[in-house]
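Taking it in order: structure first as structure tokens, then the write-up.
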Amino acid sequence: MSSILFHPTVSIFLLLISTSNGLTTPNNNNMRLANQFLLPHNAARYAIRMPLLRWDVKLARYAQSYANQRRFDCALKHSNGPYGENIFWGSGFGWTPAQAVAAWLSEKKLYNYWSNSCSGGKECGHYTQIVWRTTSRVGCASVNCFGGRGVFITCNYDPPGNYIGERPY
């Protein structure tokens with residue numbers, strides 16, 4: 001009898017696919033888009049043993065409403081709403097949810113857990129919001145801005161994170 005060994009990345013992928021079972025149906029474009037945001041978020045959380053996030057339609061509606069406001073100028077301004085929030089802007093067209101989440105997650109290398117700070121005065125709050133231990137829900141949206149100004153993407157998190165003096169995990 002032979003045994004099959006999985007590469008860790010394959011194992012994570014299989015776990016995430018199994019946890020999203022029921023979220024995606026062949027004719028449900030909204031849930032396919034949700035999974036494009038949710039899977040990279042949860043891969044990062046899984047890697048540090050944080051509970052996986054659930055997609056929240058209320059948060060997604062909030063994100064879409066705010067993204068629609070930014071459609072006119074594509075400005076990197078926060079909504080200042082009641083949720084945690086990550087925002088992304090990319091010039092041109094065709095930016096994917098996975099690319100936005102990857103940009104936020106690239107800040108992981110800047111986060112120092114032991115000092116609970118970002119190295120060199122750089123930004124790492126997008127990463128820490130994604131992995132914040134008490135955050136359990138996320139909703140996101142994306143718009144193409146008018147006049148070819150680019151793509152604006154936002155994700156909202158509840159409960160929010162990034163409290164000064166607290167560790168994300």
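Just so it is clear, the values below take in all heavy atoms, side chains as well, and ignore hydrogens, waters and symmetry mates.
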Close side-chain approach of [X] and [Y], heavy atoms under 4.5 Å:
X	Y	result
Pro51	Ser136	no
Pro168	Asn116	yes
Asn86	Ile130	yes
Tyr111	Ser117	no
Ile48	Val131	yes
Val138	Phe37	no
Glu123	Cys118	no

If you link ILVMFWY side chains whenever their heavy atoms are less than 4.5 Å apart, which other residues fall into the same cluster as Tyr66? By chain and number, please.
Leu76, Ile87, Trp89, Val143, Phe152

Which other residues end up in the same hydrophobic cluster as Trp132, if Ile, Leu, Val, Met, Phe, Trp and Tyr are linked when side-chain heavy atoms come under 4.5 Å apart?
Tyr163

Side chain Ser65, main chain Tyr62, donor-acceptor under 3.5 Å
no

Give a yes or no on whether the backbone of Gly125 and the side-chain of Asn162 come within a donor-acceptor separation of less than 3.5 Å.
yes

If you look at every heavy atom in [X] and [Y], which pair is closest and at what distance?
X	Y	answer
Ala60	Ala141	O-CB, 4.4 Å
Pro159	Thr135	O-OG1, 2.7 Å
Ser142	Ile153	OG-CG1, 3.5 Å
Gly84	Pro160	N-CB, 3.2 Å
Ala63	Gly139	CB-O, 3.8 Å

If Ile, Leu, Val, Met, Phe, Trp and Tyr residues are connected whenever their side-chain heavy atoms lie under 4.5 Å apart, and connections chain through other members, are [X] and [Y] in the same group?
X	Y	value
Leu53	Leu33	yes
Met31	Leu59	no
Trp114	Ile164	no
Tyr127	Phe88	yes
Val151	Phe72	no

Pairwise distance [atom1]([X]) to [atom2]([Y]) - rounded to 0.5 angstrom:
X	Y	atom1	atom2	result
His126	Ser106	NE2	OG	9.5 Å
Cys124	Trp104	SG	CH2	15.5 Å
His78	Asn156	NE2	CG	10.0 Å
Trp55	Arg137	CH2	CZ	13.5 Å
Gln99	Thr96	CD	OG1	3.5 Å
Lys109	Lys122	NZ	NZ	9.0 Å

Residue pair Tyr83, Tyr157: steps toward the ring pair (Phe, Tyr, Trp, His ring centres under 6.0 Å) verdict:
CA-CA 6 Å; Tyr83 308 113; Tyr157 304 87; 9.8 Å; no

Among side-chain atoms of [X] and [Y], is any donor-acceptor pair under 3.5 angstrom?
X	Y	value
Tyr46	His41	no
Glu85	Ser79	yes
Ser119	Asn112	no
Asn68	Arg71	yes

Which is it for Cys140 and Thr154 under the side chain to side chain contact (heavy atoms under 4.5 Å, CB included) test, yes or no, and what are the steps along the way?
CA-CA 6 Å; Cys140 306; Thr154 181; over 6 Å; no

Tell me whether Glu166 is salt-bridged to Arg133, with the criterion being a basic N under 4.0 Å from an acidic carboxylate O.
yes

